[in-house]
2 protein chains.
Amino acid sequence: MTITGDQNLIKKMNKTIVLDEIKKLELVSRAAISEKTGLNKGTVSSLVNELIESQFVYEAGTGKSSGGRKPVMLLFNHQAGYSIGIDLGVNYILYVITDLSGDIIYEQKESIHDHSTVAILSTLIKTIRELFQKTPKSPYGIIGIGIGVPGIVNEKGTILHAPNLGWKNVKLKQALNDEFKVSVVIDNEANAGTLGENQFGRGQNAENLIYISAGIGIGVGMILRNKIYRGVSGYAGELGHMTIKADGEQCRCGNVGCWELYASEKALLKQSEAISHDENKLQQYIHLAAKGDESVMQNFSQVGVYLGIGISNIINIFNPELIIVGGRLSTAEQWIKDTILSTVEQRALTYHNQKTEVIFSDLRTKSTTLGASTLAISKFFTDHEELI
Amino acid sequence: MTITGDQNLIKKMNKTIVLDEIKKLELVSRAAISEKTGLNKGTVSSLVNELIESQFVYEAGTGKSSGGRKPVMLLFNHQAGYSIGIDLGVNYILYVITDLSGDIIYEQKESIHDHSTVAILSTLIKTIRELFQKTPKSPYGIIGIGIGVPGIVNEKGTILHAPNLGWKNVKLKQALNDEFKVSVVIDNEANAGTLGENQFGRGQNAENLIYISAGIGIGVGMILRNKIYRGVSGYAGELGHMTIKADGEQCRCGNVGCWELYASEKALLKQSEAISHDENKLQQYIHLAAKGDESVMQNFSQVGVYLGIGISNIINIFNPELIIVGGRLSTAEQWIKDTILSTVEQRALTYHNQKTEVIFSDLRTKSTTLGASTLAISKFFTDHEELI
DNA sequence: CCACTTTGTCTATTGAATAAACAAAGTATA
DNA sequence: TATACTTTGTTTATTCAATAGACAAAGTGG
């Protein structure tokens, strides 16, 4: 059914505008909100009172007078609730508890040795129970759990395929909802990482942002016109399987010459004839490069060139404001950045490259957990429109 | 300034919903509109009366009674105004006059022999003057002119670069607005073609649609979440310069191994060592293939393989509902379709390919002119919110 | 102490929607 | 042919979220 306009819609819209302003400005008065938004000061006063009643906002003392009455300063109640964010990696699970603004109040990492569904599910449930215990009391409690996974996820929260975990058709959301009566959101780890960078990283002001999760494979998340772009089935962003060498190597996905064969950890480790996906391998390589190992430096350079080729494609295709390189490979920034940028300079179209910045993530391996937490927070506010 | 909700917004929103329903349903009653939209029948009655007053809607007789009073049937007034759509090609200019629904009431094609700015501007102005004369009288007259061009266009309507015309920094919009006091919209020809397919072609029900304009080069338009995606500077969609053969041939854009070197008319003609961009060359090739020329058929096949590689990339990246192949090369559908589809079958990810359809344009070379006309119509309605 | 300023609350008004009454114009049946 | 019922469209009373502006509270400066 079509969404039509009525007074209920208007009120909700304006209340959301007011709440977003309070979140953004970190101490703001009703008068200032009225000025910034154009809403009538009576309207702002009324809407703020309702937000105070639902405990999302509180009065935090008085501000400075500019000649008349001192304003009452408002703050977003970060601790009105908490969210759990989880990054399910190939060799590890990273957990965070955040408040409603995404600020981390607790984090924990576990290693994975057994990839079986039963083993991972068991450890997830155990640890989430512990996190529930660790979470401070608050008006809304734990409002949801968000999880980023390295694979294809459908809209029901089923992991259709995660090649690096060896998983197919795993109903992760349902399994967790059998245990925990809170909202559970499952998303691809690159999408979650993109949201993390968009909310907490250097991608906060970008309307069109591409996040590259470069690790064992390559996954990409796309914020287009301020929203994650997912495609018809929710599977968009598999640029790791974009052909960049039409007559190159066979990929296990069935294609030939896929980007991730040349521009990921897989490419790096293959060149050194190491097959193990051991997490420490990349660290060892970085250490060797730091000691001046020419062969390793050359390998890093080559990976940089191919990352640059794919990034140039992204610039020509999307014309984004910002491209953020994240994932485990971004810890090797020092050894790949220069060749990435010089390859982009050579290959990306001049006009397209003018307003595009390519940077490495500041959040490093935290993007995905933070993004996962944000997924749960967004869902909470969407599902509880009556609170706002 | 933030857009806040008020009663003015509500009314505009609902009136647009009512008008869209009348456009879509082609003879509809107030009662039916109320039922379909959920708006109160008094509201619908009131809004329809205002649309009748502004001459966008009229009462077109009575419908069948289903037991009570006969309904009064409403129609969108297609002839309330007209729009001019222009496709400025490398060797030709295609003009249409359409009504407000995009139905063509007149069309005309001219050949281009002199690419100079002065010559083309002169002929454009002369022909547009003639089109103004040819347009029937109507309440709103010619509401605007839309033009698709083969190059990079900025938001001011300046053609920054059109390599196949040999143009740089041509202020086309301003030049035409010096002559004609109507709204003029300039866009890239692939973007215009995408809109044409989205409004009038087989892309009408697609939320995520990729249109490939394959001719001398390759340009791509992207409808993502129901809207054209343009990127930060408006230059998105240059997939013709997406690297698919990292160590392949040098492109004049500065990159190496660009898709359009292998998958366009350019590739086809180069293989036969013909350099001319003569429009008839492709026709001759199609004719030779029809006569069984093995070499030509093999060349078409090769182009089909490379089109398939790029289309597989598009499927993996965007996960769209629909990919439409248009532009001049689509007239060779018979000789390239099978190899495109089999290459896609081999190379596109299985999950991603499930809900994606790849078709050839029914509008053929008309996509761009119709899309250009639609650009002008959209701008008219956006700029004249007070009429709706 | 007073005049002025700024912030916040309160009240009257506006108007676009809805609900429901009413009018107009059909059909079916006795 | 008259009547009862149905469907469509118009009109009226009501609701309520906004705005405009009056008023209150609480400052500053002379």
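Numbers restart at 1 for each chain; the letters A, B, ... are given by sequence-line order, proteins then strands.
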Summary of protein contacts for nucleotides 10-19 of chain D, nucleotide by nucleotide, where a base hit scores B, a sugar-phosphate-only hit scores S (4.0 Å, heavy atoms) = BB----BBSB
Under 6.0 Å between ring centres, would you say that holds for B:Tyr140 and B:Tyr82?
-> no
Using 0.5 Å steps for rounding, measure from the [atom1] atom of [X] to the [atom2] atom of [Y].
X	Y	atom1	atom2	answer
B:Asp6	A:Met13	CG	CE	8.5 Å
A:Ile377	A:Ser183	CD1	OG	11.5 Å
A:Thr369	A:Ile84	OG1	CD1	12.5 Å

Look at the aromatic rings of A:Phe381 and A:Phe76 and report parallel, tilted or perpendicular, splitting at 30° and 60°.
-> tilted
Determine the interplanar angle of the B:Phe318 and A:Phe318 rings, folded into 0 to 90°, and report it as parallel if under 30°, tilted if 30 to 60°, perpendicular if over 60°.
-> tilted
Residues 223-236 of chain A vs side-chain hydrogen bond (donor to acceptor under 3.5 Å, both in side chains), sequence neighbours excluded, gives A:Asp187-A:Arg230
Check whether any side-chain heavy atom of B:Leu51 lies under 4.5 Å from a side-chain heavy atom of B:Val18, and answer yes or no.
-> yes
Report yes if some heavy atom in the side chain of A:Glu50 is under 4.5 Å from a heavy atom in the side chain of A:Lys11; otherwise report no.
-> yes
Walking along DNA chain C from 5' to 3', note the first and the last nucleotide with an atom under 4.0 Å from a heavy atom of chain B, and give both.
-> C:dG15 to C:dT27
Using the C1' atoms of the five pairs at each end, what is the angle between the end axes of the helix from C:dC1-D:dG30 to C:dA30-D:dT1, to 10°?
-> 10°
Atom pairs, N/O to N/O, protein against nucleotides 28-30 of chain D, distance under 3.5 Å?
unit_1 : atom_1 : unit_2  : atom_2 : d
D:dT28 : O4'    : A:Gly67 : O      : 3.4

Yes or no on side-chain hydrogen bond (donor to acceptor under 3.5 Å, both in side chains) for B:Glu321 and B:Asn208, after CA distance, side-chain angles and deciding distance?
-> CA-CA 6 Å; B:Glu321 279 103 303; B:Asn208 306 299; 3.2 Å; yes
Side chain to side chain contact (heavy atoms under 4.5 Å, CB included) evaluation trace for B:Leu375 with B:Lys379 | CA-CA 6 Å; B:Leu375 278 167; B:Lys379 192 170 190 336; over 6 Å; no
Residues that A:Phe200 engages under side chain to side chain contact (heavy atoms under 4.5 Å, CB included), provided they are two or more places apart | A:Leu363, A:Leu370, A:Thr374
